[in-house]
Amino acid sequence: MATKTSSPDKLGGTPMQDAVRPYRGGSNGDDLDRARAERKTQTRSELRRVAQELFATRGFEAVTIANIAAAASVSVQTVFNHFATKEELFFDGRATWIDGPADAVRFRDAQVSALTALRQYLVESVRDRVRFEATPEGRRYTSAVEASPALSTRERELVYDAERRLSRALADAWADAPARPASRPSDELSVTAEFTAATWLATVRVLVTAQRPLRGRQEERAAHVAALTDRLLRALERNAMSR
């Protein structure tokens, strides 16, 4: 007795063969990938918005991951799929200063030196930071960090990360500079870059922190601190160029 076989489909394969046939790519697959990436971005943004609103109203320490998941109508696992910790949620979208200094060096105009580009970026960054910290949101942010040991620890880790990224960018910029002295070894460049990154970013942090108790109009304070930052960094820049 003959065994009944599955009839071939229009593409010449059986239904089972079609089920296991590898995906060859195409516009439909690209659309699916794009839609999936957009949903992931939207979910992450919504979780950040919900979490930061809860932190602002209840206090960072009082909010749990379960609270965030419930407020966002998702599972706890979904939150962890996007953010490993509450601290990461708190700083997400608020810490452009991690990559900003290094990016200012790496993506500067060809005719601008690395330190000049860094100084210009940091001066404007300080101006924007002082303005932000004078707003209700900015005051809540700084108060939350100062009140939470976990957030303070995480902020120090992020500061170190910013220094590390900046030192790499400076070392790369100086190594590629046509005026680099042939006698200067690469390890000296690396140490100089690390020292410069730590010194310049510490200067900015001190200036921003010192102005917090001051009184006066927001724009006047921002302009004053930015001008002081420019003077101090220009002095560091001249000193670095004279060596």
Side-chain angles (χ1 to χ4, degrees), residues 18-107 121-122 124-166 168-169 201 205 208:
D18 288 342
V20 298
R21 182 181 287 124
Y23 174 64
R24 301 297 183 186
S27 60
N28 288 341
D30 293 341
D31 290 343
L32 286 173
D33 290 343
R34 191 177 302 110
R36 197 174 294 119
E38 289 175 356
R39 285 197 300 272
K40 184 175 181 179
T41 300
Q42 290 170 356
T43 300
R44 183 180 178 90
S45 297
E46 180 64 9
L47 288 173
R48 177 180 64 217
R49 183 190 66 79
V50 169
Q52 292 180 358
E53 285 183 357
L54 289 175
F55 296 151
T57 55
R58 301 185 190 179
F60 178 79
E61 302 294 347
V63 177
T64 66
I65 293 293
N67 295 149
I68 297 167
S73 300
V74 300
S75 68
V76 169
Q77 186 57 52
T78 296
V79 179
F80 282 122
N81 287 343
H82 292 270
F83 298 95
T85 64
K86 277 201 313 176
E87 291 77 21
E88 186 179 346
L89 264 165
F90 180 89
F91 285 107
D92 190 64
R94 293 170 159 174
T96 56
W97 43 268
I98 299 174
D99 289 309
D103 287 348
V105 171
R106 291 194 185 279
F107 305 116
Y121 170 83
L122 290 176
E124 290 308 308
S125 179
V126 165
R127 191 191 310 275
D128 292 341
R129 190 69 193 180
V130 173
R131 287 171 176 160
F132 170 72
E133 292 192 357
T135 66
E137 180 185 358
R139 287 191 290 270
R140 287 194 298 268
Y141 172 92
T142 55
S143 296
V145 173
E146 291 170 354
S148 170
L151 288 177
S152 297
T153 298
R154 180 57 180 159
E155 186 180 52
R156 285 193 295 271
E157 293 170 350
L158 294 176
V159 166
Y160 174 73
D161 193 18
E163 290 178 2
R164 187 165 48 84
R165 297 183 191 200
L166 176 57
R168 289 176 182 170
L201 295 187
R205 287 197 303 276
V208 169

For [X], salt bridge (Lys or Arg N to Asp or Glu O under 4.0 Å) partners two or more places apart:
X: R129; value: E133
X: R139; value: none
X: E137; value: none

[X] side, atom [atom1]; [Y] side, atom [atom2] - distance, nearest 0.5 Å:
X: R168; Y: E163; atom1: CZ; atom2: CD; value: 13.0 Å
X: T41; Y: E38; atom1: OG1; atom2: CD; value: 7.5 Å
X: Y141; Y: F91; atom1: OH; atom2: CZ; value: 4.5 Å
X: Q77; Y: I65; atom1: CD; atom2: CD1; value: 11.0 Å
X: R164; Y: L166; atom1: CZ; atom2: CG; value: 11.5 Å

Provide the closest heavy-atom pair for [X] versus [Y] in the form atom of the first, atom of the second, distance.
X: L47; Y: A72; result: CD2-CB, 3.8 Å
X: E61; Y: P149; result: OE2-CD, 4.2 Å
X: R34; Y: D31; result: NH1-OD1, 2.9 Å

Derivation of the side-chain contact (heavy atoms from CB on, under 4.5 Å) call for V159 and L201: CA-CA 8 Å; V159 166; L201 295 187; 5.9 Å; no
[X]: what forms a side-chain contact (heavy atoms from CB on, under 4.5 Å) with it, not counting sequence neighbours?
X: T96; result: none
X: R165; result: I98, D99, A102, D161
X: D128; result: R131
X: Y121; result: P101, A104, S125

Sequence neighbours excluded, which residues qualify as side-chain hydrogen bond (donor to acceptor under 3.5 Å, both in side chains) partners of [X]?
X: S45; answer: none
X: R36; answer: D33
X: E88; answer: none

With F83 via ring pair (Phe, Tyr, Trp, His ring centres under 6.0 Å) - residues at least two apart: none
Which donor-acceptor pairs under 3.5 Å do the side chains of residues 49-57 make with protein atoms, sequence neighbours left out?
residue : atom : partner : partner atom : Å
R49     : NE   : E46     : OE1          : 3.1
R49     : NH1  : E53     : OE1          : 3.2
R49     : NH1  : E53     : OE2          : 3.0
R49     : NH2  : E46     : OE2          : 2.5
Q52     : NE2  : L89     : O            : 3.1
Q52     : NE2  : F90     : O            : 3.2
Q52     : NE2  : D92     : O            : 3.0
T57     : OG1  : E53     : O            : 3.0
T57     : OG1  : L54     : O            : 3.3

Between T78 and N81, a side-chain donor and acceptor under 3.5 Å: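 Their side chains do not contain a donor-acceptor pair, so the 3.5 Å distance test is not met.
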Pair R156-T153, side-chain donor/acceptor within less than 3.5 Å: yes
Any side-chain heavy-atom pair of N67 and R58 under 4.5 Å: yes
Ion pair E155/R205, N-O distance below 4.0 Å: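 Salt bridge between E155 and R205, a charged N being under 4.0 Å from a carboxylate O: no.
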Main-chain N/O of F132 paired with T135 side-chain donor or acceptor, under 3.5 Å: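 Yes; judged by distance alone, with no hydrogens or angles, the pair exists.
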